[in-house]
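Shown next, in structure tokens, is the structure this report addresses.
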Amino acid sequence: MLRLFDSATGEVRELTFRDPGRASMYVCGPTVSGLPHLGHGRFSLVWDVVRRWLTWHGLEVTYVSNITDIDDKIITRAKEEGRSEEDVVTEFEGEWWIAMDALGIERPDVAPHATAYVDQMVALLERLLSLDIAYVTSDGVYFDVSRVPDYGLLAGQPLESLRAGARVEANDDKRSPLDFALWKLAKPGEPQWAAPFGAGRPGWHTECVVMSLDILGDGFDLHAGGLDLKFPHHENERAQAVAAGDTFARHWGHNGYVMVGNEKMSKSLNNFTSLTDLLAETDQRAYRLLVLRSHYRSPVDVTKATITDAERGLERLDAFARRFEDAITIGDGFLRAADYNFDGASKELVDAVTRRVDDDLDTPGALALLFDAVSTANAWADGAQRDEARELAHTVAVLFGAMGLSLSTTSDDVDDATRALVEARDAARRERNWNEADRLRDELVNNGWIVEDASGETVVRRAKR
RNA sequence: GGCGGCGUGGCCGAGCGGUUAGGCAGGGGCCUGCAAAGCCCCGUACUCCGGUUCGAAUCCGGACGCCGCCUCCA
């Protein structure tokens with residue numbers, strides 16, 4: 001079974017599950033105030049792979065990921081562009097799902113919206129207020145972090161240490177700079193919900209607590225997200241849950257940053273790169289391969305060079321898939337190990353890959369094994385071992401599929417003019433008219449095709465940009 | 001100031017005391033009418049300085065460099 005680094009304990013430990021045979025995951029989703037960026041893509045891919053891998057192991061996974069549809073950034077954008085908050089949310093949630101589909105990410109079982117949970121958030125705040133863990137100020141409701149004994153668990157340092165490093169704020173009535181907003185009182189014209197402590201909107205850290213506990217129940221198995229959410233966002237979520245008497249998540253997972261030119265991509269640095277743009281310009285599987293090729297907790301540098309590198313890797317895999325076309329058909333969606341009977345070289349491969357992925361999601365190690373198997377199967381097919389090669393190829397495709405990477409066996413659509421050139425070239429070749437055949441090949445290449453003579457016939461496919 | 005991570009061959013990227021990571025790019029060969037695809041072979045890397053050890057990219061100490069968190073962010 002899968003072992004994962006747990007941010008709460010600081011060590012790799014075996015995932016254990018509240019309910020035998022069932023896994024529950026909550027992954028912090030996006031605030032839909034703009035186009036999805038590369039960081040969104042990475043966390044979505046990483047936790048999609050975890051979800052698939054647990055399913056591969058035979059678990060029934062319930063995967064929840066929220067949409068934050070009320071937030072300062074949404075209000076700001078709406079104001080700037082002179083439209084309603086709903087309009088902004090609708091547009092960018094639409095873009096979000098388009099990008100997720102393009103990345104081959106399975107939709108969550110439940111994708112709750114924050115605005116649908118305001119009543120429950122208000123109830124939680126009333127509870128925290130009654131316990132004197134939350135307090136009201138002139139601009140909202142705040143959480144008193146000193147009331148949670150192990151505050152700083154996820155940050156990896158004690159409260160005092162965090163307090164020493166906290167920046168001084170210009171504001172306010174907060175008891176401590178680390179205290180965080182649970183509720184923001186509305187200014188005129190802002191979206192607002194009624195509450196006993198004044199009309200306003202919920203703070204970001206509250207929504208995930210309420211939604212995760214409502215949908216998955218206390219003690220759910222894995223709470224995950226990007227590393228930048230570890231502190232303060234997840235710390236603060238946990239503080240609320242613990243203060244309210246829950247144990248919250250059994251296990252915390254965080255994926256590493258996306259770097260752009262050796263610097264963290266972040267809002268303040270304003271060096272965001274849009275996922276939507278990346279997907280429009282590249283093979284949509286390239287980012288998944290790039291993410292699988294790096295360890296999930298390490299930073300990944302996304303550049304033209306690293307994406308191109310991944311695309312070339314895909315070309316090798318696709319050429320492999322075309323060669324074993326009839327052995328590659330595996331269908332979409334979740335794959336389960338129990339549905340297959342592996343033996344011989346295939347069993348060895350499956351076992352070795354499983355050991356790697358189970359070891360804190362060592363997908364780079366797993367990919368090395370799979371690329372090795374690609375070479376092996378090709379070599380067998382070059383020799384006389386056709387059947388063994390086909391079987392191994394099938395296993396390779398299944399394992400890639402288990403991680404959400406599909407190999408393409410389909411040729412590109414060929415237009416009539418191109419087909420005419422292909423037929424003319426084959427005719428020339430039959431007549432051993434090599435000059436004409438080569439001239440036609442050059443023409444095809446100039447038109448952006450890659451030309452191969454597979455089993456004596458001209459086969460073309462689109463060259464990558 | 002506190003906490004944490006990283007520095008590997010042309011590039012990317014694993015590695016967790018001793019036997020080949022892998023990908024991309026490059027070179028040589030086989031195959032091919034010539035190519036492409038595929039196969040075989042090749043580079044012999046680990047920031048620096050000490051130390052532990054029979055043996056270190058891997059452990060310890062130090063130096064230098066880079067990055068992140070402690071503020072919004074996935």
Side-chain angles (χ1 to χ4, degrees), chain A residues 10 27-31 36-47 65 71-73 152 154-158 160-169 177-178 180 204 224-233 235 254-259 262-269 272 275 289-290 293-295 297-301 303 305-320 322-323 356 362-372 374-383 429 432-435 437-438 441-442 445 450-454 456 458-461:
Chain A
V27 177
C28 278
T31 299
H37 57 68
L38 297 179
H40 291 124
R42 163 115 109 150
F43 91 73
S44 299
L45 285 164
V46 165
W47 301 109
S65 191
D71 178 86
D72 290 1
K73 290 189 289 296
L154 290 171
Q157 41 186 328
E160 277 319 305
S161 171
L162 287 166
R163 187 172 283 151
R167 290 161 212 209
V168 183
E169 296 187 42
L178 293 173
F180 56 91
W204 178 44
L227 187 56
D228 47 353
L229 296 188
K230 188 165 76 162
F231 188 91
H233 182 57
E235 188 78 54
H254 295 97
N255 61 274
Y257 293 121
V258 171
M259 312 294 281
N262 211 34
E263 228 178 16
K264 181 195 164 194
M265 186 184 74
S266 74
K267 291 222 188 317
S268 53
L269 291 172
F272 272 89
L275 181 59
L289 183 60
L290 182 58
R293 226 179 53 173
S294 329
H295 188 82
R297 289 192 282 123
S298 299
V300 65
D301 207 15
T303 63
T306 58
I307 287 289
T308 301
D309 199 75
E311 285 189 300
R312 296 226 174 95
L314 284 171
E315 284 182 34
R316 173 168 164 81
L317 295 177
D318 287 345
F320 176 73
R322 284 193 300 276
R323 181 174 192 179
R356 299 296 186 106
D362 178 15
T363 53
L367 287 199
L369 293 167
L370 288 169
F371 273 97
D372 266 347
V374 166
S375 295
T376 301
N378 272 322
W380 284 352
D382 283 353
R429 293 186 72 225
R432 308 185 70 79
N433 183 351
W434 308 126
N435 285 341
D438 290 351
R441 176 166 62 200
D442 289 344
V445 169
I450 290 172
V451 181
E452 291 179 15
D453 296 346
T458 297
V459 173
V460 295
R461 66 177 201 277

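Everything numeric in this text was worked out from a predicted model, so none of it was measured.
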Inter-nucleotide [atom1] distance ([N], [M]), Å rounded:
| N | M | atom1 | answer |
| --- | --- | --- | --- |
| B:A57 | B:U44 | C1' | 14 Å |
| B:A36 | B:C24 | P | 15 Å |
| B:C39 | B:A45 | P | 26 Å |
| B:G18 | B:G55 | P | 14 Å |
| B:G61 | B:U19 | C1' | 30 Å |
| B:C3 | B:U8 | C1' | 27 Å |
| B:U32 | B:A25 | C1' | 24 Å |
| B:U20 | B:C6 | P | 25 Å |

Expressed in angstrom and rounded to an integer, what is the separation of [X] atom [atom1] from [N] atom [atom2]?
| X | N | atom1 | atom2 | answer |
| --- | --- | --- | --- | --- |
| A:F371 | B:A25 | CZ | P | 11 Å |
| A:L178 | B:C72 | CG | P | 10 Å |
| A:E311 | B:C24 | CD | P | 13 Å |
| A:R297 | B:G4 | CZ | P | 15 Å |
| A:D228 | B:C69 | CG | C1' | 10 Å |
| A:M259 | B:C66 | CE | C1' | 9 Å |

Which nucleotide in [options] has an atom nearest any side-chain atom of [X]:
| X | options | result |
| --- | --- | --- |
| A:Y257 | B:C73, B:C70, B:G68 | B:G68 |
| A:Q157 | B:A74, B:C3, B:G22 | B:C3 |
| A:R312 | B:C73, B:A25, B:A74 | B:A25 |

Worksheet item: Which pair of non-hydrogen atoms, one from A:D301 and one from A:T306, has the smallest distance, and what is that distance?
Response: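 Heavy atoms of A:D301 and A:T306 come nearest at O-OG1, 2.9 Å.
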Worksheet entry | Nearest heavy atoms of A:A381 and A:R323, plus distance in Å | CB-NH2, 3.5 Å
Quick test of your reading of the model: are [X] and [Y] salt-bridged, counting only N-O distances below 4.0 Å?
| X | Y | result |
| --- | --- | --- |
| A:E315 | A:R312 | no |
| A:D453 | A:R429 | yes |
| A:D438 | A:R441 | yes |

Donor-acceptor under 3.5 Å ([X] side chain, [Y] main chain):
| X | Y | value |
| --- | --- | --- |
| A:E452 | A:V459 | no |
| A:R42 | A:G256 | yes |
| A:T363 | A:A366 | no |

Worksheet item: Going by heavy atoms in the side chains, are A:F231 and A:L162 under 4.5 Å from each other?
Response: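 The answer is yes; the side chains approach within 4.5 Å.
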Worksheet entry | Heavy-atom side-chain contact between A:S298 and A:M259 under 4.5 Å |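 Sidechains of A:M259 and A:S298: no contact.
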Distances under 3.5 Å only, N/O to N/O: pair up the protein atoms with those of nucleotides 13-21 of chain B.
residue: B:A14; atom: OP1; partner: A:H295; partner atom: N; Å: 3.0

Worksheet item: Base, sugar-phosphate, or nothing for A:P232, non-hydrogen atoms under 4.0 angstrom?
Response: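 Counting heavy atoms under 4.0 Å across all strands, the contact made by A:P232 is with sugar-phosphate only.
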Worksheet item: Under a 3.5 Å cutoff on both atom distances, Watson-Crick or G-U, what's the dot-bracket for RNA chain B ([ ] crossing, | other strand)?
Response: ((((((((.[[[..)..(...]]].(((((.......)))))....[[[[[..)....]]]]])))))))....
Practice prompt. Taking side chain to side chain donor-acceptor pair (under 3.5 Å) as the test, write out the residues that go with A:N433, two or more places apart.
Written response: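 For A:N433, no residue satisfies side chain to side chain donor-acceptor pair (under 3.5 Å) once neighbours in sequence are set aside.
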Practice prompt. Please name all residues satisfying side chain to side chain donor-acceptor pair (under 3.5 Å) with A:T31, sequence neighbours left out, ordered by chain then number.
Written response: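 Not a single residue meets the side chain to side chain donor-acceptor pair (under 3.5 Å) criterion with A:T31.
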Fill in: Residues that A:H295 engages under ring pair (Phe, Tyr, Trp, His ring centres under 6.0 Å), provided they are two or more places apart
none
Worksheet entry | Closest-nucleotide ordering on RNA chain B, the 5'-leading residue of A:G29 and A:A305 |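 Closer to the 5' end of RNA chain B: A:A305.
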Worksheet, complete the sentence: Protein-proximity profile, nucleotides 28-41 of chain B, B/S/- by nucleotide at the 4.0 Å heavy-atom cutoff, equals -----BBBBSSS--
